[in-house]
Amino acid sequence: MSKDLPFDRREFLKTAAAVAGVASLPGFAFAQGAKIKIGLMLPYTGTYSQLGVAITNGFKLAVAENGGKLGGRDIEYFTVDDESNPAKATDNANALVTRDKVDVLVGTVHSGVEMGIVKVVRESGTLHINPNAGAGAATGALCAPNIFRTSFTNWQPAYPMGKVLADRGIKKVVTLTWKYGAGEEAIQGFKEGFTKAGGTVVKELYLPFPSVEFQPLLTEIASIKPDAVFVFFAGGGGVKLIKDWQAAGLKGKIGLYGSGFLTDGVLDAVGDAAEGIETTLHYGDGIETPKNKTFRLNYAKTYKLQPDVYAVQGYDAGLLLIAGMKAVKGDVSRKKELYAAMEKAKIDSPRGTWTMSKAHNPIQDIYLRKVVGKENKVMGVAHKALADPARGCKMG
Ligand code: BEZ
């Protein structure tokens, strides 16, 4: 009977096999007009919420300037508020990778949450671009071909401040930070630079993340009377520390320094309490390049907000993905070529042009900045083309 049918079983199987063959060819899925799926896993609530918003804005601005597409493909966004909560990190990342089947996972801000993402993408092989979290292991012991970062390691902006302070004759420093990966790594970075240059960290003070109960610690600092204090704080925590420092009468008496996250994106909120604070970071508001000026203008016009380092890192995540997707004409299945293009990319960033290290972390200038009015003004370069040591990374 079946042989009399116009489309018999054998023919059906042959056709099905041919279709499956075509579907497995690189490029088939998106040739049908499928959108590229981008997962944005960032904090949109809590002390780092403004950082998440700035990264999202920066990423979308880069894509908009590229005609709204990646490698010729339209984009579908999947957004998760990770709340800067490490306990929910693997579930959140798994939801994007397994449920939503994103092609690229962009995130996050908090180093503890980043460790959850790293675990998931190392297992799934999903392309991951980290636009902030400085966890050293992501481009250190846990580095991988599919993990890229467009920001910094926590070590990177903190290390140069050690020499800056020691060269000024500062000998005794107290450090203060939240007790979690980012704070501890930043303090280690500073301490490495400072002790190498002859200084001594006389006391390391901590409080749990995201507590802003600074008062007892500021009282302790006043009694120790160090030459200076080096801190790692960011977002809402930075705002509170700067205000409490002034309210405690320490401003003008003991020098307050930090990685530049302390004063980035917070100057409208802190008023004159931040005036004169010096920090080290891979970005400064007034970098005098046409690229930075255009970026700042376009960002301000689009979002009615001033950009900060987080917006730049999000923007650069967009630029990096644009470079990779262009090389493979939107075909994310061509992983080898995609990653090779991303490794080779020279990112024409508002911070200055940077390249990728073998461990997939930016090699970049670290600026010395000073708060002047509403600006993190660049005073000079504290360390030229600084690469993270990428301890434990076996790649490259
Ligand atoms: C971090 O957790 O890695 C981080 C958070 C905010 C600013 C900088 C680093």
Side-chain angles (χ1 to χ4, degrees), residues 41-56 58 81-89 92-93 106-118 128-140 142 147-159 161 175-190 206-212 230-242 257-267 269 279-283 307-314 316-317 351 361-362 364 366 369 376 388:
M41 181 166 155
L42 289 159
Y44 297 108
T45 51
T47 197
Y48 288 159
S49 59
Q50 285 187 16
L51 286 58
V53 170
I55 289 167
T56 307
D81 174 9
D82 69 32
E83 305 164 45
S84 295
N85 185 348
K88 295 186 183 171
N92 281 332
V106 178
T108 186
V109 167
H110 185 288
S111 277
V113 178
E114 173 64 11
M115 296 313 287
I117 295 180
V118 165
H128 168 47
I129 303 180
N130 170 356
N132 186 74
T139 54
L142 298 177
I147 298 177
F148 290 82
R149 174 152 47 201
T150 60
S151 51
F152 56 88
T153 62
N154 294 312
W155 176 93
Q156 229 173 353
Y159 173 79
M161 187 55 106
T175 62
L176 172 62
T177 189
W178 281 312
K179 185 121 190 107
Y180 85 101
E184 290 171 317
E185 289 178 2
I187 297 310
Q188 278 315 307
F190 168 76
Y206 295 95
L207 71 168
F209 176 87
S211 168
V212 288
F230 177 88
V231 303
F232 167 88
F233 290 104
V239 171
K240 180 75 168 31
L241 178 76
I242 292 169
Y257 303 88
S259 333
F261 312 109
L262 177 67
T263 56
D264 236 78
V266 306
L267 296 182
T279 58
T280 36
L281 200 66
H282 47 286
Y283 183 63
D308 54 21
V309 69
Y310 311 106
V312 171
Q313 294 165 175
D316 288 2
R351 73 183 93 167
N361 189 68
Q364 55 194 337
I366 305 294
R369 309 113 45 88
N376 280 294
D388 179 80

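Atoms within a ligand are numbered from 1 in the order they appear, just like the ligands themselves.
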At under 4.0 Å between heavy atoms, what of Phe232 touches ligand 1? The answer is side chain

Under 4.0 Å from one or more heavy atoms of His110, ligand 1 contributes atoms 2 (O)

For Phe152, the atoms of ligand 1 under 4.0 Å from one of its heavy atoms are 8 (C), 9 (C)

In terms of heavy-atom contacts, Ile366 and His282 come closest through CD1-CB, 4.1 Å

Note: ligand 1 atoms sitting under 4.0 Å from heavy atoms of Ala234 are 6 (C), 7 (C)

Side-chain heavy-atom pair Tyr310, Gln50 within 4.5 angstrom cut-off: no

### Message
Side chains of Arg149 and Gln313, heavy atoms from C-beta outward: is any pair under 4.5 Å?
### Response
no

Any side-chain heavy-atom pair of Lys240 and Thr47 under 4.5 Å: no

Short version for Phe209: what comes under 4.0 Å of ligand 1, heavy atoms counted, is neither

(request) Begin from the C-alpha positions of Ser111 and Asn154 and carry the test side chain to side chain donor-acceptor pair (under 3.5 Å) through to its verdict. (result) CA-CA 9 Å; Ser111 277; Asn154 294 312; 3.2 Å; yes

Per-atom filter on ligand 1: closer than 4.0 angstrom to a heavy atom of Ala182 are 1 (C), 2 (O), 3 (O)

* Just do the ring-ring contact (aromatic ring centres under 6.0 Å, His included) check on Phe209 and Tyr48 with the steps written out, would you? => CA-CA 11 Å; Phe209 176 87; Tyr48 288 159; 5.3 Å; yes

Is a side-chain donor-acceptor pair under 3.5 Å present for Asn361 with Gln156? yes

Looking only at protein heavy atoms, what sits closest to atom 4 (C) of ligand 1 is Val109 O, 3.4 Å

Under 3.5 Å between any N/O of Gly134 and any N/O of ligand 1: does that happen in this structure? yes

When rounded to the nearest 0.5 Å, the distance separating CZ of Phe230 from CG of Leu262 is 9.0 Å

For Asn132, the ligand 1 atoms with a heavy-atom partner under 4.0 Å come out as 4 (C), 5 (C), 6 (C), 7 (C), 8 (C), 9 (C)

shortest atom 3 (O) of ligand 1-to-protein heavy-atom contact is with Ser111 OG, 2.6 Å

The atoms of ligand 1 lying under 4.0 Å from a heavy atom of Asn154, numbered in the order shown, are 3 (O), 9 (C)

Residue, atom and distance of the protein heavy atom nearest atom 2 (O) of ligand 1 read Tyr180 OH, 2.5 Å

For Ala133, the ligand 1 atoms with a heavy-atom partner under 4.0 Å come out as 3 (O)

